[in-house]
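Throughout, numbering of the chain's residues begins at 1 and tracks the sequence. This is a predicted model, so every value here is computed, not measured.
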Amino acid sequence: METRWLDDFIALAHTRHFSRAADERNITQPTLSRRIKMLEEEMGVTLIDRNTLPLGLTPAGEIFLASAQQIARLAKDTRAQCKEIKKQEENRLRFATTQTLYLMFYRNWLQPSAQKHNVEVELDLSSTTWAASDFVNALTQGQCDLLLCYWHPQITFIEALDDTRFEYQVVCEEALVPVSAMNEQQAPLFQLPGKKREPLPYISYHPSSFLRPLIDHALSSGLEPPHLTTVNENMLSVSVKAMVKEGFGIGWLPQRLINDSVNYGQLAIAGDERWQIPLQIRLYRLRDNHRSQLDVFWSGLANDGMKVGV
């Protein structure tokens, strides 16, 4: 049984005339007659008394009318609720980023910006555990509307984002800085470049992380190669930071992530500016994703003074 059959029956019960009911339902009279007949066959009883003018309802039809009206009202209310939920979902922008960038930018920048422009942003917390390649796939396949990530030409995982299908805004410039725990003399426990016979213990990133290819390239292309021995690999900068703070080795961390720890004497810079690696933090979207809220938010961010990339 289809719910439109119920609406057909209710219209017929109200007009008591097949032609007028068909006009009200914006269908042909034969179509209405066929649907009413199928409804009667489905119920196994005659609902319409066709021997009277105007048409009447059989006793079963009178009982069925009350139920049909109730079901029709429930179906209408349910459709309205579903449409409202869909509307809310369409107005909510889906945002994905790494755990480190979430901790540094979501509450301090993205959320206030969304509130300023009266846009609702929903964070997919599962993205904080994704590998770098997962972010590109999610944005390409429409699983998220906004992607906040690191960018540098040597981060090979996101080369696809250089395609004209995407556009971006540069959120800020960043740098990866080598850091170490402090010794009793409040000096770095480990200091670059290290010695060939005594390589520094190195807390590295996992090969599938954003930052690993960038750091590998920077260390291999420098004029003075460091002497390091990898003792641990992590996907997340916050995990690398925790290992470094415990004195397990040296590691490269985003400047914004270690500023407080350096200021409070919990971490020390383990090398001069030669060992710092510049990169950007960018916000990406698909060019052909023109959800109204996304366009509003994107334009608002641009007008706030962010540099827009092409």
Minimum heavy-atom distance between [X] and [Y], given as atom pair plus value:
X: A72; Y: D7; answer: CB-OD1, 3.7 Å
X: S209; Y: A132; answer: C-CB, 4.1 Å
X: N234; Y: S239; answer: OD1-CB, 3.4 Å
X: W130; Y: A96; answer: CZ3-CB, 4.0 Å
X: F190; Y: G247; answer: CE1-O, 3.6 Å
X: S237; Y: P254; answer: OG-CD, 3.8 Å

Quick one: does [X]'s side chain have a donor or acceptor within less than 3.5 Å of a partner on [Y]'s backbone?
X: Q191; Y: A270; answer: yes
X: R285; Y: N289; answer: yes
X: Q69; Y: I10; answer: no
X: T52; Y: G56; answer: yes
X: K196; Y: H227; answer: no
X: R25; Y: A22; answer: no
X: R287; Y: F166; answer: yes
X: S220; Y: H217; answer: yes
X: Q99; Y: L236; answer: no
X: T230; Y: N232; answer: no

Can you confirm whether [X] is buried at [atom1], in the sense that more than 12 heavy atoms of other residues, nucleotides or ligands lie under 6.0 Å from that atom?
X: E273; atom1: CD; answer: no
X: D163; atom1: CG; answer: yes
X: Q115; atom1: CD; answer: yes

Taking the side chain as C-beta and beyond, is there a heavy-atom pair between [X] and [Y] under 4.5 Å?
X: T98; Y: T128; result: no
X: M182; Y: Q266; result: no
X: V45; Y: F64; result: no
X: V136; Y: L161; result: yes
X: L39; Y: E2; result: no
X: L228; Y: P199; result: no
X: L294; Y: L146; result: yes
X: T97; Y: F105; result: no

Going hydrophobic residue to hydrophobic residue with side-chain gaps under 4.5 angstrom, can you get from [X] over to [Y]?
X: M235; Y: F157; result: no
X: V170; Y: L211; result: yes
X: I63; Y: I36; result: no
X: L214; Y: Y284; result: yes

- Query: Are V119 and V296 close enough, and set up right, to give a side chain to side chain contact (heavy atoms under 4.5 Å, CB included), and what steps lead you there?
  - Reply: CA-CA 8 Å; V119 172; V296 168; 4.3 Å; yes
Could you grab the distance from atom [atom1] of [X] to atom [atom2] of [Y], nearest 0.5 Å is fine?
X: Q169; Y: L283; atom1: CD; atom2: CG; value: 6.5 Å
X: D134; Y: S208; atom1: CG; atom2: OG; value: 8.5 Å
X: H17; Y: L32; atom1: NE2; atom2: CG; value: 11.5 Å
X: R20; Y: H14; atom1: CZ; atom2: NE2; value: 9.5 Å
X: L6; Y: L74; atom1: CG; atom2: CG; value: 11.0 Å
X: T164; Y: D162; atom1: OG1; atom2: CG; value: 10.5 Å

### Query
What do the steps show when you test I258 against I269 for side chain to side chain contact (heavy atoms under 4.5 Å, CB included), and what is the final call?
CA-CA 9 Å; I258 54 98; I269 306 300; 4.2 Å; yes
Quiz item: Looking at Y205, does the NZ or CZ of R212 lie under 6.0 angstrom from its six-membered ring centre and within 45 degrees of the ring axis?
Solution: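 Relative to the ring axis of Y205, which defines the angle, R212 lies outside at least one limit.
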Aromatic plane relationship, F210 with F135 - under 30° parallel, 30 to 60° tilted, over 60° perpendicular: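 Geometry flag for F210 against F135: tilted rings.
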For the residue pair Y106 and Y102, does the interplanar ring angle fall in the parallel (under 30°), tilted (30 to 60°) or perpendicular (over 60°) class?
->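 Rings of Y106 and Y102: tilted, as their planes differ by 30° to 60°.
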Just do the ring-ring contact (aromatic ring centres under 6.0 Å, His included) check on Y202 and W252 with the steps written out, would you?
CA-CA 9 Å; Y202 174 38; W252 271 259; 5.8 Å; yes
Derivation of the side chain to side chain contact (heavy atoms under 4.5 Å, CB included) call for F18 and R50: CA-CA 10 Å; F18 273 99; R50 295 167 175 79; 4.2 Å; yes
Exercise. Just do the side chain to side chain contact (heavy atoms under 4.5 Å, CB included) check on S113 and F297 with the steps written out, would you?
Key: CA-CA 8 Å; S113 296; F297 187 47; 4.0 Å; yes
The test is salt bridge (charged side-chain N to carboxylate O under 4.0 Å, His left out); show your working for R34 and E40 and say whether it passes. CA-CA 10 Å; R34 185 173 65 255; E40 290 177 319; over 6 Å; no
Check: Does a side-chain N-to-carboxylate-O contact under 4.0 Å join D145 and R291?
Finding: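 R291 and D145: salt-bridged.
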| query | Can a donor-acceptor pair be found between the side chains of S19 and Q29 at a distance below 3.5 Å? | reply |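 A pair is found: one side chain offers a donor N or O, the other an acceptor, under 3.5 Å apart.
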